[in-house]
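Chain naming here is simple, since letters A, B, ... match the order of the sequence lines and numbering starts at 1 in each. Keep in mind that this is a model prediction, so the values were computed, not measured.
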2 protein chains.
Amino acid sequence: MVTEIIENYLKAIYELQRKYQSVPTNALAESLSIAPASVTGMIKKLAENGFLTYTPYRGVELTPEGMEKALKVIRVHRLAELYMVKMLGVPWDKVHEEAEKWEHVLSEELEERIEALLGYPKWCPHGSPIPSREGKVEYVKSFPLTELAAGISAVIAEVDDRNPELLRYLGELGLIPGEEIELVEIAPFDSLFRIKQGESQIDIGKEAASKILVTVIVE
Amino acid sequence: MVTEIIENYLKAIYELQRKYQSVPTNALAESLSIAPASVTGMIKKLAENGFLTYTPYRGVELTPEGMEKALKVIRVHRLAELYMVKMLGVPWDKVHEEAEKWEHVLSEELEERIEALLGYPKWCPHGSPIPSREGKVEYVKSFPLTELAAGISAVIAEVDDRNPELLRYLGELGLIPGEEIELVEIAPFDSLFRIKQGESQIDIGKEAASKILVTVIVE
DNA sequence: ACATTATTTTAGGCATAACTAAAACAAACT
DNA sequence: AGTTTGTTTTAGTTATGCCTAAAATAATGT
Ligand SMILES: [Mn+2]
Ligand SMILES: [Mn+2]
Ligand SMILES: [Mn+2]
Ligand SMILES: [Mn+2]
């Protein structure tokens with residue numbers, strides 16, 4: 001049986017694989033807030049169940065089966081987030097936490113009803129792509145706003161959904177995924193990033209700017 | 001910590017207390033599909049935690065604290081059922097099962113948003129009352145249609161939400177809570193119950209009739 | 001009152017998923 | 001190559017929540 005706990009492991013491994021080709025035990029332990037020794041035990045079980053390949057001291061990699069399960073959980077998570085924002089009016093800084101629970105309980109029938117009600121959306125409120133029913137995902141190539149050159153226009157692609165404080169801050173400023181902005185200038189020592197959004201000017205610090213992922217506009 | 005399992009125990013005890021003043025271990029075990037010995041272990045723990053009083057060999061009774069927790073779970077369950085029927089278009093025979101999961105994961109904030117979106121409803125789709133935020137519930141006095149006398153009018157009050165087949169059957173016939181019907185006649189041996197609903201005549205068997213709870217109409 | 005039957009509890013186990021402490025291994029540094 | 005450091009695994013426990021089999025208690029019938 002695939003428990004909620006297993007789903008969380010698979011999801012975490014999937015996300016860490018965007019950074020590590022083979023996910024180290026410690027990274028996974030850190031991400032799940034579980035002791036490394038406990039993780040070793042669980043990944044052995046997951047390997048036995050065919051969800052991942054495990055090479056001792058080398059880390060783990062999801063099998064196609066593990067990947068499928070992970071994408072399914074992520075799909076429900078992101079659909080749930082968008083549903084709560086659009087249909088229930090839940091603030092975008094709170095939906096991630098709620099979706100951590102919804103992702104484990106929504107039936108396939110509900111998953112599909114919600115998807116249809118939302119008009120088969122492509123992205124969650126934080127800009128992450130929603131995997132298709134068949135498990136296809138396409139991540140947009142993006143980079144931190146801090147790496148953008150002054151004078152260049154870009155579109156906000158994605159923001160960290162696990163940081164409610166950041167989300168509230170950006171939400172108030174209107175800096176949400178899909179919005180077009182221009183980086184007007186960078187103050188000395190990277191201390192301030194001056195942004196133009198439509199007609200308004202917004203100044204944000206380096207810390208916040210580094211957490212806004214953008215894509216350049218290609219015609 | 002109040003786990004999902006504890007919530008299910010408290011809910012089951014609450015519902016059994018409508019039948020037993022003190023709930024026997026076996027009845028609870030039966031209702032939860034758990035061995036009686038396991039139930040003994042759990043109720044000891046729940047007693048220690050102050051959710052119920054336990055007299056060995058005599059059964060259990062919820063304390064005010066246990067009652068409060070039980071009503072909270074039931075409230076979320078019924079709100080979730082109605083939400084799924086009205087807002088997500090889920091058939092009424094499927095929502096009970098889904099709500100068994102939702103009842104454990106909805107935050108208070110979502111509970112309240114859903115309640116407001118539904119316009120502070122009083123009953124779930126199957127006719128059971130939705131406890132208020134303060135834990136008030138009022139059950140309507142109802143009895144099986146089989147106990148109604150021929151020629152008398154009544155309103156369908158409540159149907160068993162755990163029986164999808166019955167619900168589909170009644171749903172197709174339009175025999176849902178709130179509908180006014182008249183019991184026209186009862187065929188010999190209680191073999192058939194002839195109902196008038198508006199202009200249409202409906203015949204149903206004793207088995208089904210016994211599961212429709214009605215209230216007589218008082219002017 | 002005594003025996004039979006039904007209910008409930010006790011005793012002993014098991015699976016899951018976590019923990020800490022100690023040992024083993026791998027990587028990096030001199 | 002040998003030592004230090006960091007990572008990972010092993011070994012041994014723990015808490016939950018379930019199980020079966022046996023013992024205890026309560027209810028019922030003669
Ligand atoms: Mn999220
Ligand atoms: Mn989760
Ligand atoms: Mn129900
Ligand atoms: Mn439940």
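The side chain of A:Thr40 places no N or O atom within less than 4.0 Å of a non-bridging phosphate oxygen (OP1 or OP2) of D:dT8. Look at B:Tyr57 and you won't find any side-chain N or O under 4.0 angstrom from OP1 or OP2 of D:dA23. A:Tyr9 has no side-chain polar atom (N or O) that falls below the 4.0 Å cut-off from OP1 or OP2 of C:dT16. Between A:Thr3 and the phosphate of C:dT16, there is no side-chain N or O to OP1/OP2 separation shorter than 4.0 Å. Side-chain N/O atoms of B:Arg58 include one lying less than 4.0 angstrom from OP1 or OP2 on D:dA27. Between B:Lys44 and C:dT9 there is no side-chain N or O to OP1 or OP2 distance below 4.0 Å.
Between A:Ile34 and A:Leu28 there is no side-chain heavy-atom pair separated by less than 4.5 Å. Side-chain contact check for B:His77 versus B:Lys11: some heavy-atom pair is nearer than 4.5 Å.
The distance between atom CG of B:Leu32 and atom P of D:dT16, rounded to the nearest whole Å, is 19 Å. For the pair B:Leu46 CG and D:dG17 C1', the interatomic distance rounds to 12 Å; values are reported in whole Å. Between the P atom of D:dC18 and the CG atom of B:Leu28 lies a distance of 11 Å, rounded to the nearest Å. With rounding to whole Å, B:Glu30 atom CD is found 15 Å from C:dT8 atom C1'. We find that CD of B:Glu48 is positioned 10 Å from P of D:dT16, with the value rounded to whole Å. One atom, CE of B:Met1, and another, P of D:dG17, lie 10 Å apart when rounded to the nearest Å. Protein atom CG of B:Asn26 is 15 Å distant from nucleotide atom C1' of D:dA24, rounded to whole Å. One can place CE of B:Met42 at 17 Å from C1' of C:dT9, the figure rounded to the nearest angstrom.
The A:Ala35 side chain lies nearest to C:dC19 when the options are D:dT9, C:dC19, C:dT9. Taking only side-chain atoms of B:Lys45, from C-beta outward, the nucleotide of C:dT8, D:dT16, D:dT9 with the closest atom is D:dT16. The side chain of A:Ile34 lies closest to C:dC19 when the candidates are D:dT8, D:dC18, C:dC19. Taking every side-chain heavy atom of A:Ala37 into account, D:dA11 is the closest of C:dA18, D:dA11, C:dT9.
Using a 4.0 Å heavy-atom criterion, one finds that B:Ser38 contacts the bases of the nucleic acid, with or without backbone contacts as well.
Judged by closest nucleotide on DNA chain C, B:Gly41 is the one of A:Val39 and B:Gly41 placed further toward the 5' end.
Note on ring orientation: taking the six-membered ring where Trp is involved, the planes of A:Tyr83 and B:Tyr83 are perpendicular (angle over 60°, cut-offs 30° and 60°).
Checked for salt-bridge contact, A:Arg162 and A:Glu100 miss the test: no charged N lies under 4.0 Å from a carboxylate O.
A:Lys101 places a side-chain N or O within 3.5 Å of a backbone atom of B:Val105 that can act as its donor or acceptor partner.
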